[in-house]
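Side-chain atoms are counted along with the backbone in the values below, which use heavy atoms only and exclude waters and symmetry mates. Not measured: the values here are computed from a predicted model.
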Amino acid sequence: MSAKTTASAPVPAPVPTPEAGQVPAEAVSPLIRGVAVLRRLTEAGGTMSLSALERTTGLARSTVDRITATLTRMGYVRLDGRDAILTPHVMELGNAYLAALRLPALLSTHADRLADELDESVSLAVADRDGIRFIHQATRRRAMSLSFRIGDLLPAERTAPGQLFATEWTDEEWQAWRARRTRDPQNRDFPTVPPPPQSAWGDEDFTRRTARAAAENCALDDQLIEPGLVAVSVPVRDPRTARIACVANVVSHTSRHTSADLREALLPRLRLAVAAMEEDLRRAPRPEPGPPLAGLATWTGASKQELGREFIESLARGLTVLAAFDEGRAELTLTEVAKATGLARATARRALITYEHLGLVTPTPHRAFALTPQVLSLGFPPLSRTTLPRIATPHLTTLTDAIQETTSLAVLTERRDEIQYTARATANHVMSVDIAVGSRLAAPSTSSGRLLLTGPTAAASGSYALVDEELEQGVRAIAVPIRDRDGQVVAALNAATHVARRTVEECVHDILPALLSTASHIETDLHTAARFTHVPLT
């Protein structure tokens, strides 16, 4: 949901509004370049070679190297050979926007329940200029499934939510939309959607659909994105202003419903769900701000001292400004940003100037600043459908390289009598434990299974399970728990060795600390990724 500034609203003095396309004199150039790299990585699905980043951003290779080195230090990127790969930690930027917005936390349960009742995909969307972005998805697992992700940007004219948001556009916003349509008729600015068909509707068609949406307080998408996809949307209004806070959207396929079916069969239930959402917004207590981030300025300074010119301190400090927003901190003044990050007021001011120019923050009528939905363009979409095995695999590789033993991730099967291996990193030994990903073993005879079967009693810090030649003669294994955001044990991380290489005591004294440290890193990434998305365990 983009905040709007009217002519009569007071605009914060510290940050001047730049002319379109003109970079403010006080903008932080390294921050602009770093944001460009994050956006290119996002558009590429989360992985891009350094040479491709050089080519697509127009930056010098030395600049790309320094930016990726800084992002790696921050944990937002990892380098794999010549490729830069986004990590789940970068989702903290999108999490900051979603937490400040509060809508996913307040409304997602209703959306999930509706998806279960209708057996159709349900999403929540907010406006982003003349497009929309999804902030929550409750999808159905089918052969014909949706590929849209949280944070994806779609053109307003090709969606049902877009028709509803357009009912509140000003004349200036309509003009900006028409200018974009003239400049980009093939929707190249929206890489998540296919180009429109040659027989695509014109501007007048969208105007008519918007007028109908205003009259009926709902909107239909009859194969606007691509053939076969249909949707119906209803606005969720902010009880304080009566303006659209977000839009609830039910999506189906023409093999299941026509657009007329959606109106007759699903729209009444959607309206009931939206009424419940609006009631929850009305009753929601004012959020209390959590503890501010601490030590960021000190950390960036120490990193600069350690890494020298390879670490771009102004980029790192600028990115900490986005992470300062959260639930209870939806709007921050310049002074509050400086206090939350530990940055000098002048440094925070220049970062805000830069972000307003880039469209990532907007001034509010309360002489403060708020994040915009564009923050979701910084790494969130390609990671919003990650899985625990994908999160764990790079950590397993690092662990195996360190201890020179095969490591694995395992979960209990639904029957809870077996474990299934979901990720693995194999040590380079002539004789090593060879169990492929997907393999199942009897839970009681494995270290992972024994730990997972113990349930809550395994939740103590430093807990582990060890089996000594019980699965197979000569195999010794030790496992530690992986916990979700609620502290529940959901998986086990284990290392397996031959009895000739490690004694039981050596497993506990040498391998266990490395396992516990790696489990902590996996949990940190899991907790970040799962704050507003569902992370499957397999």
Side-chain angles (χ1 to χ4, degrees), residues 71-80 85-92 294-296 299 302-303 306-307 383 386-411 419 421-429 432-433 437 446-452 454 457-467 476-497 501-531 535 537:
L71 295 175
T72 298
R73 178 71 169 192
M74 298 186 73
Y76 290 169
V77 163
R78 66 181 175 89
L79 296 177
D80 185 1
I85 303 172
L86 292 174
T87 72
H89 190 57
V90 76
M91 295 176 74
E92 73 172 8
L296 292 176
W299 178 86
S303 296
E306 179 181 342
L307 299 181
L383 293 166
T386 192
T387 64
L388 181 56
R390 289 177 186 171
I391 290 173
T393 295
H395 296 289
L396 294 185
T397 301
T398 300
L399 175 62
T400 291
D401 289 344
I403 65 175
Q404 284 301 298
E405 300 290 357
T406 295
T407 59
S408 304
L409 189 76
V411 297
I419 61 165
Y421 289 97
T422 59
R424 192 165 185 80
T426 305
N428 187 23
H429 292 295
S432 62
V433 179
V437 170
T446 66
S447 60
S448 294
R450 190 164 298 176
L451 184 145
L452 292 168
T454 59
T457 60
S461 177
S463 60
Y464 68 94
L466 189 147
V467 296
R476 185 170 286 149
I478 184 170
V480 299
I482 301 294
R483 303 174 183 87
D484 63 14
R485 288 181 61 87
D486 297 323
Q488 298 298 309
V489 177
V490 294
L493 170 67
N494 81 85
T497 184
R501 284 203 300 271
R502 308 262 188 176
T503 66
V504 170
E505 291 75 16
E506 288 172 334
C507 286
V508 173
H509 293 129
D510 298 339
I511 296 181
L512 179 58
L515 280 174
L516 291 171
S517 176
T518 300
S520 177
H521 292 313
I522 294 173
E523 288 175 348
T524 297
D525 282 353
L526 173 61
H527 298 172
T528 300
R531 186 174 181 186
V535 178
L537 300 181

Q | Residue pair Thr528 / Glu92: nearest heavy atoms and the distance that separates them | A | CG2-N, 3.8 Å
Q) How long is the span from the CD1 atom in Ile85 to the OG1 atom in Thr72, to the nearest 0.5 Å? A) 10.0 Å
Q. Taking all atoms of both residues into account, what is the closest heavy-atom pair of Ser447 and Ala465, and its distance?
A. O-CB, 3.5 Å
Q.
Using 0.5 Å steps for rounding, measure from the CG atom of Leu493 to the OG atom of Ser517.
A. 10.5 Å
Q.
Contact between Arg501 and Glu405 at the side-chain level, heavy atoms closer than 4.5 Å - yes or no?
A. yes
Q | Whether Asp484 side chain and Asp486 backbone form a donor-acceptor pair below 3.5 Å | A | yes
(Q) Quick one about Ser303 and Arg73 (side-chain donor to acceptor, distance below 3.5 Å, no hydrogens or angles considered), yes or no? (A) yes
Q.
Do Leu537 and Thr387 have side chains that approach each other closer than 4.5 Å (heavy atoms only, starting at C-beta)?
A. no
Q. Say you draw a straight line from CG of Leu515 to CG of Asn494; how long is it, rounded to the nearest 0.5 Å?
A. 7.5 Å
Q. Taking atom CD of Gln404 and atom CG of Asn428, what is their separation to the nearest 0.5 Å?
A. 7.0 Å
(Q) Looking at Arg424 and Ser408, would you say the former's side chain and the latter's main chain have a donor-acceptor pair under 3.5 Å? (A) no
Q. Is any side-chain heavy atom of Thr518 closer than 4.5 Å to a side-chain heavy atom of Thr398?
A. no
**Q.** Shortest non-hydrogen contact between Ile419 and Ala410, atoms and distance
**A.** CD1-CB, 4.1 Å
Q. Got a donor-acceptor contact below 3.5 angstrom from the Thr87 side chain to the Gly75 backbone?
A. yes
Q | Sole residue of Thr407, Thr426, Thr406 in side-chain hydrogen bond (donor to acceptor under 3.5 Å, both in side chains) with Thr400 | A | Thr407
Q.
Checking Glu523 now: which residues fulfil salt bridge (charged side-chain N to carboxylate O under 4.0 Å, His left out) with it, not counting sequence neighbours?
A. Arg483
Q: Grab the two heavy atoms, one from Ala519 and one from Pro481, that are nearest each other, plus how far apart they are.
A: CB-O, 3.8 Å
Q | Residues which pass ring pair (Phe, Tyr, Trp, His ring centres under 6.0 Å) with His395, listed by chain and number, not counting sequence neighbours | A | none
Q. How about Thr386 and Asp525: do any of their side-chain heavy atoms sit closer than 4.5 Å?
A. no
Without placing hydrogens or testing angles, list every side-chain donor-acceptor pair under 3.5 Å for residues 504-513, not counting sequence neighbours.
{"unit_1": "Glu506", "atom_1": "OE1", "unit_2": "Thr503", "atom_2": "N", "d": "2.9"}
{"unit_1": "His509", "atom_1": "ND1", "unit_2": "Glu505", "atom_2": "O", "d": "3.0"}

(Q) Has Arg476 got a side-chain atom pairing as donor or acceptor with Arg502's backbone, closer than 3.5 angstrom? (A) yes
**Q.** Backbone of Pro389 reached by a side-chain donor or acceptor of Thr393 within 3.5 Å
**A.** yes
(Q) Quick one, Ile522 and Leu388 - any side-chain contact, counting heavy atoms below 4.5 Å? (A) yes
